[in-house]
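Because only heavy atoms are used, hydrogens play no part in the values below, and waters and symmetry mates are left out as well, while side chains stay in.
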Amino acid sequence: MDYVTLGRTKIKVCKNGFGALPIQRISFDSAKEILLHAYNSGINFFDTARFYTDSEEKIGYALSDVRDKIYIATKTAAQNADDFWKDLNTSLNNMKTDYIDIYQFHNPSFCPKTNDGTGLYEAMLEAKAQGKIRFIGLTNHRLAVAQEAIDSGLYDTIQFPFCYLATDKDIAIVENCKKNNLGFIAMKGLSGGLITNSAAAYAFMAQYDNVLPIWGVQRMSELNEFLSYNTNPPSVTGEIKELIDNDRKMLAGEFCRGCGYCMPCPVGIEINNCARMSLLLRRSPSELQLTPAVQAKMKKIENCLHCNQCKSKCPYGLDTPKLLEENYKDYVEILNGKEF
């Protein structure tokens with residue numbers, strides 16, 4: 001089994017991390033079965049967030065008996081110190097623990113620092129002094145904010161999107177974390193579902209000894225797929241290298257990662273799926289995207305106000321209204337018989 005050490009934290013964990021966002025979609029007992037199977041199979045790092053509805057509660061329900069044998073990371077999207085303390089105390093209660101190993105600011109639009117007027121970083125320091133958190137982290141989808149956090153010297157870990165579609169700038173974030181002895185936690189390892197070969201995804205991550213991927217899991221079959229790589233790790237050679245090279249060519253340039261930070265839409269467009277529908281049609285079973293329900297979701301694009309709220313919120317700087325328009329045009333043509 002491969003392990004990774006998260007920089008200056010000295011936290012050493014299985015190279016497979018458990019991303020607990022998807023377990024909010026399943027029952028408590030199903031989540032418990034999956035979480036315990038992950039733990040019993042060697043996974044000892046679990047990432048969640050206050051924002052993920054009942055995900056924290058399910059971790060507490062399943063893993064409180066083995067709390068001293070695992071590492072938990074969670075997140076707060078608080079904008080001020082009062083909400084920070086509310087989130088932290090709720091998370092501790094939900095997960096039936098008196099401390100969190102890595103407490104992270106959840107995708108802030110800026111890098112929280114001391115004396116920035118928000119009181120957020122000071123609250124982190126106080127929580128650490130009280131023993132309620134062990135290490136301070138930041139998650140982000142913005143290159144500039146992630147790099148500022150690294151340069152600040154205030155953070156122990158960075159969580160950032162990373163997969164084999166990474167740009168040179170994304171890879172530089174990973175390298176800068178290693179240089180500055182920060183742990184690097186990789187989210188979006190499957191690029192929001194656009195990467196469909198888990199072996200290729202794992203093999204790419206395995207090339208970076210400081211990267212901890214967290215795989216979003218909600219089915220036992222998904223978990224077992226990643227667990228199989230603990231004993232039979234794939235590498236970037238042969239067919240996997242060819243697949244990665246082809247995917248990079250296909251997905252180069254502007255495409256929606258499905259992060260959802262553009263939401264909600266004032267007219268109810270499900271932007272984070274509709275703006276990448278052309279890719280979903282071609283990279284997942286197309287029949288799942290051609291149902292009456294999905295057709296109704298896509299039709300809402302006709303109501304777009306072109307208010308550009310989604311564009312202004314996109315951490316990747318995408319022209320989201322244009323992407324919606326292009327994807328809808330393609331979708332209608334496919335419904336009318338265009339081959340793809």
Flag the pair [X] / [Y] as yes when their ring centroid distance falls below 6.0 Å, and as no otherwise.
X	Y	result
Y121	Y155	yes
F46	F18	yes
F162	F204	yes

Please find the pair of heavy atoms, one from [X] and one from [Y], that lie closest to each other, and give the distance.
X	Y	answer
G60	K96	O-CD, 3.7 Å
Y316	H141	OH-ND1, 2.9 Å
A149	C111	CA-SG, 3.6 Å
P112	L120	CB-CB, 4.4 Å
N44	K69	CB-O, 4.0 Å
R276	C256	CD-O, 3.4 Å

Any donor-acceptor pair under 3.5 Å linking the side-chain atoms of [Y] with those of [X]?
X	Y	result
Y328	E302	yes
Q147	D151	yes
E56	S91	yes
T118	D116	yes

Are [X] and [Y] side-chain neighbours, meaning at least one heavy-atom pair lies under 4.5 Å?
X	Y	value
F105	F84	yes
L335	L290	yes
K179	I150	no
R25	L21	yes
Y52	I23	no
N273	K297	no
Q104	D47	yes
V4	V211	no

Test of understanding: clusters of I, L, V, M, F, W, Y form through side-chain heavy atoms closer than 4.5 Å, transitively. Do [X] and [Y] belong to the same one?
X	Y	value
L243	M205	yes
M298	V267	yes
L324	L305	yes
L223	F45	no
I244	L251	yes

Whether the side chain of [X] engages the backbone of [Y] through a donor-acceptor N/O pair (distance < 3.5 Å, no angle test) should be reported.
X	Y	answer
N80	D83	yes
K58	I26	yes
Y331	Q289	yes
N210	V174	yes
T48	T74	no
N140	A146	no
E122	N115	yes
K75	R50	no
E222	R219	yes

Basic-acidic side-chain contact under 4.0 Å: [X], [Y]:
X	Y	answer
D82	K86	no
D330	K338	yes
E270	K300	no
D101	R67	yes

Apply side chain to side chain donor-acceptor pair (under 3.5 Å) to residues D170 and T167 and explain how you reach the verdict. CA-CA 5 Å; D170 298 327; T167 65; 3.1 Å; yes
Within the supplied structure, the quantity of interest is the number of heavy atoms (other residues, nucleotides, ligands) at a distance under 6.0 Å from [X] [atom1]; does it exceed 12?
X	atom1	result
E333	CD	yes
D68	CG	yes
E242	CD	no
E325	CD	no
N336	CG	yes
M250	CE	no

Rounded to the nearest 0.5 Å, what separation is found between the [atom1] atom of [X] and the [atom2] atom of [Y]?
X	Y	atom1	atom2	value
Y164	I195	OH	CD1	4.5 Å
K128	I100	NZ	CD1	14.0 Å
K241	N246	NZ	CG	10.0 Å
E33	S27	CD	OG	9.0 Å
L182	I158	CG	CD1	5.5 Å
D156	M124	CG	CE	9.5 Å

Walk me through it: do I43 and L227 pass the test side-chain contact (heavy atoms from CB on, under 4.5 Å)? CA-CA 9 Å; I43 289 178; L227 289 173; 3.8 Å; yes
Parallel, tilted or perpendicular: ring planes of H106 versus F51, cut at 30 and 60 degrees: perpendicular
Geometric class of the F226/Y229 ring pair [parallel <30°, tilted 30-60°, perpendicular >60°]: perpendicular
Suppose we screen for salt bridge (Lys or Arg N to Asp or Glu O under 4.0 Å). Which residues come up paired with R283, at least two apart in sequence or across chains? D247
Output, in order, the C-alpha distance, side-chain angles, deciding distance and verdict of side-chain contact (heavy atoms from CB on, under 4.5 Å) for I11 and T157. CA-CA 11 Å; I11 290 174; T157 64; over 6 Å; no
Checking side-chain contact (heavy atoms from CB on, under 4.5 Å) for the pair K132/N89: CA distance, chi angles, key distance, verdict? CA-CA 9 Å; K132 292 184 175 181; N89 289 324; 3.3 Å; yes
Six-ring centre of F255, R257 cation under 6.0 angstrom, axis tolerance 45°: yes
Report the C-alpha separation of I102 and I136 in whole Å, then their side-chain angles, then the decisive distance to 0.1 Å, and conclude whether the side-chain contact (heavy atoms from CB on, under 4.5 Å) test is met. CA-CA 6 Å; I102 302 174; I136 300 172; over 6 Å; no
